[in-house]
Amino acid sequence: MADIPALLTRIERKRLWAYFHKDWLLQIREVLRPQLPRELAIFVESEAVVIAPDSAGPTASLSPDVAIARPGHETFAARSAEQVSAMVLEVDEEIELYESYSLVIRRAPDNRVVAAAEILSPTNKGVFGTLDKEKYLRKREAYFDAGINLLEIDALLEGDRLLPPALGSLRSFDRTAWTVCHTAGRRHFRSWGWSAVEPLPRVEWEVEPGLSTVIDLALSCQRASEFNPWETLAE
């Protein structure tokens, strides 16, 4: 059996998290399915994310092929065609495209989202720049505004801590998980924090008022690590 805390660290260092976190979400879906009534459907949904650096790469400056100046005008007469022309810039920038995945629970028949689970990625946490972090925080705020019950798992050691203000005390832990449940105009948070070498906990997640589920993070992560040869991939 794999040492899951150590394996997660190696997967993160090898920059393989974008691939592993889908396998993990699919295993969490398997754990949840028997605990939910049939009118609740569970999907792992994706969106394309473009990673670009915050700063541009080398810039090539070009002047136009044709520049026009009014003859006989003192201001322009003293300038060269290149000086009176608009500047054109060409920039090469390295980008990376990958799929970001979320687990979403929808109620049939209206397909209404009632709960969502997010496993944070390095881009969510600002490792490669601030744009995707800001995008994720807006997405999380939209969950809050819509009254959607959320589970967020941060098993990464690198990057910014994206904890809500109410859970600021969790910042001292290497890895965290928390849930929020919306009832009667209030948000109820439940949270877990653990070190980089400790086993992952079991978390209780109330996906709807009165409907609680239990997710064994260690077990689901173990199954994900066995589905593909992650021990070998992360060597």
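Side-chain atoms are counted along with the backbone in the values below, which use heavy atoms only and exclude waters and symmetry mates.
A donor-acceptor contact shorter than 3.5 Å is absent between the side chain of Trp24 and the backbone of Ser225. Side-chain atoms of Asp174 come within 3.5 Å of backbone N or O of Ala196 as a donor-acceptor pair. Between the side chain of Glu206 and the main chain of Gly210, a donor-acceptor pair closer than 3.5 Å is present. For Asp216 (side chain) and Ala218 (main-chain N/O), a donor-acceptor pair under 3.5 Å exists by modelled atom type. With hydrogens and angles ignored, the 3.5 Å screen pairs a side-chain donor or acceptor of Gln35 with a backbone N or O of Val214.
With sequence neighbours left out, Asp145 forms a salt bridge (charged side-chain N to carboxylate O under 4.0 Å, His left out) with no residue at all. Considering only residues two or more places apart in sequence or on other chains, Ser191 meets the side-chain contact (heavy atoms from CB on, under 4.5 Å) condition with Leu167, Leu170, Trp178. Listed by chain and number, the residues in a salt bridge (charged side-chain N to carboxylate O under 4.0 Å, His left out) with Glu208 are Arg107 (sequence neighbours excluded). Every salt bridge (charged side-chain N to carboxylate O under 4.0 Å, His left out) that Arg112 has, sequence neighbours left out, goes to Asp110. Shown here are the side chain to side chain donor-acceptor pair (under 3.5 Å) partners of Trp205, two or more places apart in sequence or in another chain: there are none. With sequence neighbours excluded, no residue forms a salt bridge (charged side-chain N to carboxylate O under 4.0 Å, His left out) with Glu141. By the side-chain contact (heavy atoms from CB on, under 4.5 Å) test, Pro34 pairs with no residue at all, sequence neighbours left out. Arg161 is linked by a side chain to side chain donor-acceptor pair (under 3.5 Å) to Asp154, counting only residues two or more places apart in sequence or in another chain.
The shortest side-chain heavy-atom distance between Tyr101 and Ile119 does not fall under the 4.5 Å cut-off. Side-chain contact between Ser121 and Phe20 is absent, with no heavy atoms from C-beta onward closer than 4.5 Å. Residues Trp192 and Leu200 form no side-chain contact, since every pair of their non-hydrogen atoms from C-beta on lies 4.5 Å or further apart. The side-chain heavy atoms of Pro5 and Arg175, taken from C-beta on, include a pair separated by under 4.5 Å. A heavy-atom distance below 4.5 Å is not found between the side chains of Val203 and Thr179. Under the 4.5 Å side-chain criterion, counting only non-hydrogen atoms from C-beta, Lys133 is not in contact with Asn124. Counting heavy atoms from C-beta outward, Leu162 and Asp160 have side chains that approach closer than 4.5 Å. When side chains are defined from C-beta on, Leu150 counts as touching Glu118, because their heavy atoms get closer than 4.5 Å.
Residues in residues 177-195 take part in these salt bridge (Lys or Arg N to Asp or Glu O under 4.0 Å) pairs, two or more places apart or across chains: Arg190-Glu204. Listed by first and then second residue, the salt bridge (Lys or Arg N to Asp or Glu O under 4.0 Å) pairs involving residues 12-24 are Arg15-Glu158 (not counting sequence neighbours).
Cluster partners of Leu219: none. The rule joins Ile, Leu, Val, Met, Phe, Trp and Tyr whenever side-chain heavy atoms lie under 4.5 Å apart, and it links nothing here.
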List the atom pairs, donor and acceptor, that lie under 3.5 Å between side-chain atoms in residues 38-45 and the rest of the protein, sequence neighbours left out.
residue	atom	partner	partner atom	Å
Glu45	OE1	Arg106	NH2	3.4
Glu45	OE2	Arg106	NE	2.9
Glu45	OE2	Arg106	NH2	3.2

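Taken from NE2 in His21 to CG in Leu156, the straight-line distance is 10.0 Å, to the nearest 0.5 Å. Taken from CD1 in Ile28 to CD1 in Ile153, the straight-line distance is 4.0 Å, to the nearest 0.5 Å. Taking OH of Tyr143 as the reference point, atom CG of Leu151 lies at 11.0 Å (rounded to 0.5 Å).
Residues Ser220 and Gln27 approach most closely at O-CB, 3.4 Å, considering heavy atoms.
Counting non-hydrogen atoms of neighbouring residues, nucleotides and ligands closer than 6.0 angstrom, the CZ atom of Phe189 exceeds 12 such neighbours.
Residues Ser102 and Lys139 have side chains that bring a donor and an acceptor to within less than 3.5 angstrom of each other.
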